[in-house]
Structure formats: structure tokens, C-alpha cells
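In what follows, a single structure is set out as C-alpha cells and then discussed.
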2 protein chains.
Amino acid sequence: MSVTLKDVAHAARVSISTASRALTGTGLTSERTQQRLTRIARELGYRPNPIARGLKTGQSRLVALLVHNLTNASFQVMAEVVQARLKALGYQMLLCIGGDDPKQESDTLTTLVDHRIDGLIVVPTGKNGPQLKALAKDVPIVCLVRRDDATDLETVLADDPQGAYLGTRHLIELGHRRIGLIVGRQDTTSGRERLSGYVRALREADIAKDDTLIHAGHFEPETGATGARKLLDLSRPPSAIFVANHEATLGVLRVTSERNIAIPDDLSLLCYEDMPWFEWHRPAISIVDNGARDLANLAVDRLLQRMDAKGNGNDGVREYRVGARLIKRDSCRQIDPASKPKPSIPKSKSSAAKSSAVKPAKV
Amino acid sequence: MSVTLKDVAHAARVSISTASRALTGTGLTSERTQQRLTRIARELGYRPNPIARGLKTGQSRLVALLVHNLTNASFQVMAEVVQARLKALGYQMLLCIGGDDPKQESDTLTTLVDHRIDGLIVVPTGKNGPQLKALAKDVPIVCLVRRDDATDLETVLADDPQGAYLGTRHLIELGHRRIGLIVGRQDTTSGRERLSGYVRALREADIAKDDTLIHAGHFEPETGATGARKLLDLSRPPSAIFVANHEATLGVLRVTSERNIAIPDDLSLLCYEDMPWFEWHRPAISIVDNGARDLANLAVDRLLQRMDAKGNGNDGVREYRVGARLIKRDSCRQIDPASKPKPSIPKSKSSAAKSSAVKPAKV
DNA sequence: TAGCTTTTTGCAATCGTTTGCAGTCTATCG
DNA sequence: CGATAGACTGCAAACGATTGCAAAAAGCTA
């Protein structure tokens, strides 16, 4: 069907092996034949067959990315970043969707290694530790966003404690003392870590932690709605809500809208992770950016390094944290505890907010 | 490294060929050996190597989906649907992102056929017709959402003429006579077809087409903003806007919000294609659903059929249309034909409208 | 039991590459 | 001028499966 190495060799009147060496540039061929063959190959439109090559070399030039879904904005940009990076290096990305379901994850993992993928970036459910660990012997693996505690795989994480801390502190600096928190499930790393960052910021400001102000729930809009209702129904409702679970944002907005609560006048709102429409929403929604782009890039970096290292990548560092940063928009306002003044939009001096940096963390 | 067919055959004391036949179920083996071999294979944890198999059979069990991006909600659900369907059939999906850029599309296409994909579903840019046509000789291809006029490839399209017609008629039935249209680029199928559906509905209702009410632009929020401004600045502004280009929705909403225009009281708004947050938005946004899910499913159906047919799929039908449907929510209101449409200086009296009084009145 | 058909099995080639080994050629040096 | 090192090249065996063909085994009839 298509042009094979044999054809090229034949056209150039050399043996297949010479052709192979010349084209792969193994250096064992004379400059002249090498050039001649590259030319002929080009003329004939020869494109090496990765399958045949893979059979011999055991590589596939395929790298898989396994995420939970594609509706999550973070996963979208991660997928785009990973795909772009890999393509530039001649790899193809295999995007798989695991739905945060251990069974599906497990199935997908086995198919992937069957296909002899050269590398894997995975957002683990956390329930397939042993399998992942076993696979890691055959294939370089990097975990993304979530850690699988049952493994010691290299992991690239958002700095959720810091992000939540940053966000909470921002609200405190604006004068808020009663800050509601809507956060994800507490059996996930991110859920726990965001809560802890929130708590730390409060403690640092000598604000007593009030459990009635904290609502932990699932990663769904519904959680935001019930959470918001609960918080707003309190006898002393919060003056700001930090939605540390971006799937919940929609729910919160619906409730504030239903109740005709003006943002940021009546309530300040700060969210976690960006969404394309946050900027376009009125008021534009301030966020803590978890750095999805950086996360993906770092994950690719790590993976590539492992793929090159060929096994001896045990250089100690097992966990990387990508710094979060605050993006101030218009949904949080300064509070003056003394009077009830006109709302003032905080000016965005975003240069100060760029605290993002990539730093390795110790195990 | 892993268990090969040879190992299985050896363990069962049969030849490799027998093992192969027994496991692939070619039917040329006795029931008994077949069972015995499947058992042994299972015990040994044998998993066939798709690369080796592919080399011989010329198949890869890989099917590619090439879309423009992942931020578009339709592409997201399509990707999820395709992945799910294919996985169930033992295929892996290769998701590629072409950015609606002919050069990238072209590059990706060649890498894909290099990888000997078994099939391809592509949202074509429309600029690589010849290449697609050539590839179609080697690989079953189905076009999705957009047609590439330079080819005669099987194509699964949304019924945009009907969808636009449906939406426009809905607005007309609500009593609107001046209906603004914000639509995509007129050099794309969807852009043209949606315009034509709009025009047909108008004609059918004996409403003269007014070109000042039509704004065609790029697939970006900015287009929505400029379009909305243009329409609302008219001396006789429309009483309803049909945003037939869902990337533009954000821009339109920003403008209505900036100008304190209440939806649906002051202006009815109808959009094309669903977004997760449309339902949660206040007011919930009515849409014409293009049936992304159905589109993807049909595309997969067609592709599979072609892949089975092995070349003789010339059964005449070259184009499939998936019906659109109207989803009524709260952003369109009935107009009293007696009273004149109220133009300029709209008061914000909608209880459900964006409540924040403070807007940085930029622009 | 012989002779025939039908099933089941094994041998070996093949897919398109890569690569160890051995052979050929060129050039250099004594 | 002949020997020899060094640079190129080609042969052939892999990689792990599938598959046509022929041989062996089994089943059947008479």
C-alpha cells in the first residue's frame, strides 16, 4: 500500500539495512549515501511504519493521558497542553476518559499498556494503587493533580493548601471576618488541602474557625446550591463565600441570583479554578488559579525525563507542587466594618499576585 | 517482558499457530484445545500484543477523532461519546486537536495514517480536501459537523437550516418581529446554513429580512459583544436576539449586562448549542440544541459500518442530518403585539436579572 | 480392516523494521 | 606493492503475531 523501506532501498540499490541506518542516522553510513537516501526517501514519500518499528524497538510513540472527564475546564486545558507538547516531540496523545471510576480506570490502564504506550500521565482515582505500581515497572508514569497514596509514583500537584490560603487571606485583607467555605469531598486530597489552607489563613488572622461556615460536598453544582443556601440561611450569614470547588460555582450563583443577592455588594464571591466565562460574567469572578497549564507542562517535563532516563529516574524528588495564584476581578469587595459605604471595586494590581513558581517538595 | 503467544503455546505443548487459532477463535481448532488454551492463556496472564498483530493484519485498533478544540462544549460531549462507544468495541480513541488550522490539520492527518489508524472521524477545516480525499483511500473517514466541499466523504451534519429555522420561528411565535441574528463566519457551512434557516422562517412569516439586524463574525466572544452593541445601537433595535454561534454568547451577555438590559423583559435571547451553565444561569437560557450527542453517535455508527464494509460502502448516502430541537427555558418572552417594542433606556426591573448594580462601565 | 473424507495440527513464510556479525572495500603505512 | 586497519555495507535473525498449505489424526463407510 504505502512506500516501505524495501522500496527505498531498492530504488537506491542498497540493502534494506543500509537504508535503515542511513535514514535513522545511526551514523554507520557514509555521509554521501545518507544524503542520497534521505533524498530518495523524500522523493518516494517514504514514511516509516511506526508499528513495524515498534515491534522491534518495543516503543509506540504513543503517550496516554487519563483524566476523569472533559467538562472540567482544568482537564481541558491540560489535555490541550499535553497534546501540543507531545506532538511537537513526535508523540501522539492517547486521551482516555476514566470518569473518576476505579473500574473504568483499571480497564483503561490495561488496554493502554497492551498498546505498549511509551508513557502515561494519569489523574488517579486513588483506588488502583497496586495496579499502577505494577504498571510503573513497565512504563514511565506520572500522576497529575491527585496523589495515589498507595504508590510512590512521581506526582505533580497543585499547591492547594497555598491556593486556599491565598484566597482566604485575600478575603480577610478585604476586611471579611465571616467567610463561608464550600469545598469538595474530604476524602480527596484537594478537598482536604483546600480546607486546611483556609483554616491556616483564619488562624493566622486570629479568626476563630466556625464549622457552620464550612460546607463540604460533592463535585457538582448541586453542592454549591445547597451549600450557599445553608450559609445564607445562617442567623449571621457570611459576608464572603469562597467556593473552593469549581463545579459548585454554578449552584452558588443560582442561589444568589434567586435571592437577589448582589455580588459583590451584598456578598463577596471567590472561586477556585478558572472557567472561560468567569471573565465575561458580570461581575467578573475573582479566582484562585490552580495553574492547570503549568501543571500539565510540568507533568510532561517529568514524564519526558523519566522516559529518557530509562528507569534510573530515582532522583529522590517524588512530588512537585505548582504554585497557585490569585486573579482579582470584580466579585470581591472591600468591607468597612465601621460604616456601610458605597461598594468599592478593588483595583487589580495583579503583578503582586503572580507568586506562581514551580518548586519541588520533599517526600 | 510480558507473556507472549510462544509462552502460551509452549506451556500447552502445541505449536504457536494452534495457539493463535485457538485464542483468536478462527474455528479451525477443536473445542477441547480451544478451551484448554484459553484457560492456560488466562492463567499465564497472556495479553496479545496489538503491535505485532497490527503489523501482520495492518490494523491498529486505533480510531482517531480530530476536533478543533476542547473548550467547545459540543466537542467535549462528542469526544466523550466517541471514546465511550469505541472503548466498548475494543478500540482506543486517539484524540487530536487541530485548532481549526489547516496546517495543523494536515500534519496531524499524516501522523495518524502513519500510525495506521483503523478509522477517522474528523471535523474538517475545509482547507485540506485533497489530502482527505487521498487518505480516504486507505482509511475509512467520516466527517463531522462540517463538510469539506472538496471531497465526497460521508458526512454527519447537524441540521443547521432546520435548527435556525426552529429557533427563529419560536421567536416569531412569541410575537417578535424584529429579530437580531448573530451568526458565524459565512465561509463555513454552519454559518451559511444557520443564516438560511433564519431567513426562511422570516419569509414564511412574511417578515422582511433586514440586513442591519444580521451580524456575522468569528467564533469568539468578542463577536458577540460587537454584534450585540451594533444591534442594540440601532434606531429600532431588535426585541430578540438569536445567537446562532455559541462562542458569541458570552459577549452578548456581557453587553446586556453592561447596559442593564433585562432578559427576557427587555430583550429575548435565544442561543445555539448548549453549555453546562446555560441551565444554571438566571434566567436559564433557551437554546436550539444541535444534538451533539446524536451527531457523535451517528458518526461512530457510520464509521463502524465503513470499517466493516471494507471499501464497498458506496451505498449512495453521503450526508446525514441530525435533527435539532428547541429547548425552552426562561430567556425568551412573549411579546404583546399591540404594544410597540420598547427601545432604548431599558429599566432593569427583572427580579431574576443580574442583580449587581455595580458595573465597571468600560468600553 | 482398508480406503476415504473431514477435522485438527504444525511448518514456515510474512508483515516492516532494527541490529549483531561478518564480509567488502578503500586508504594508509611500512 | 602488499598488508592491515578502518569505514561501509549486506546478510540474516530477530520482534510477536497471523495464515496458506500440507501433513497427521480422527471419523466414517463399506
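A note on names: the letters A, B, ... follow the listed sequences, proteins ahead of strands, and every chain is numbered from 1.
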Quick one: [X] [atom1] to [N] [atom2], roughly how many Å, whole number?
| X | N | atom1 | atom2 | value |
| --- | --- | --- | --- | --- |
| Leu37(A) | dT17(C) | CG | P | 13 Å |
| Arg13(A) | dT9(D) | CZ | P | 16 Å |
| Arg116(A) | dA17(D) | CZ | P | 8 Å |
| His10(B) | dG10(C) | NE2 | P | 13 Å |
| Ile16(A) | dC15(C) | CD1 | C1' | 12 Å |
| Leu55(B) | dC15(D) | CG | P | 14 Å |
| Lys6(B) | dT18(D) | NZ | P | 15 Å |
| Arg61(B) | dA17(D) | CZ | C1' | 15 Å |

Would you mind telling me which of [options] lies closest to the side-chain atoms of [X]?
| X | options | answer |
| --- | --- | --- |
| Ser30(B) | dT18(C), dG16(C), dT8(C) | dT8(C) |
| Thr24(A) | dT18(C), dG10(D), dT9(D) | dT18(C) |
| Asn49(B) | dG10(C), dT17(C), dG16(D) | dG16(D) |

Would you call [X] and [Y] a salt bridge, taking side-chain N to carboxylate O under 4.0 Å as the test?
| X | Y | result |
| --- | --- | --- |
| Arg147(A) | Asp149(A) | yes |
| Glu105(A) | Lys103(A) | no |
| Asp187(B) | Arg185(B) | yes |
| Asp294(A) | Arg321(A) | no |
| Asp118(A) | Arg306(A) | no |

*asked:* Enumerate the ring pair (Phe, Tyr, Trp, His ring centres under 6.0 Å) contacts for residues 61-80 of chain A, please, sequence neighbours excluded, ordered by first and then second residue.
replied: His68(A)-Phe75(A)

_side chain to side chain contact (heavy atoms under 4.5 Å, CB included) partners for Leu153(A), two or more places apart_ = Leu132(A), Ala136(A), Ile141(A), Cys143(A), Thr151(A)

*Pro48(A) near the nucleic acid: base, sugar-phosphate alone, or nothing, with a heavy-atom cut-off under 4.0 Å?*
sugar-phosphate

_Does dG10(C) have its OP1 or OP2 closer than 4.0 Å to a side-chain nitrogen or oxygen of Thr18(B)?_
yes

Between the protein and nucleotides 20-28 of chain D, which nitrogen or oxygen pairs come in under 3.5 angstrom?
from    : atom 1 : to       : atom 2 : distance (Å)
dG20(D) : O6     : Arg21(B) : NH1    : 3.3

_N/O donor-acceptor pair, side chain Lys56(A) with base dT17(C), under 3.5 angstrom_ = no

*the helix from dT1(C)-dA30(D) to dG30(C)-dC1(D): angle between its terminal axes, five pairs each, to 10°?*
50°

*Where at least one partner belongs to residues 80-96 of chain A, residue pairs that pass salt bridge (charged side-chain N to carboxylate O under 4.0 Å, His left out), sequence neighbours excluded*: Arg85(A)-Asp301(A)

*Please collect all salt bridge (charged side-chain N to carboxylate O under 4.0 Å, His left out) contacts where either partner lies in residues 50-73 of chain A, sequence neighbours excluded, each pair once.*
none

*asked:* Checking Thr155(B) against Glu319(B): is there a side-chain donor and acceptor pair closer than 3.5 Å?
replied: no

*Specify the residue among Arg53(A) and Thr33(B) whose closest nucleotide of DNA chain C lies further upstream toward the 5′ end.*
Thr33(B)

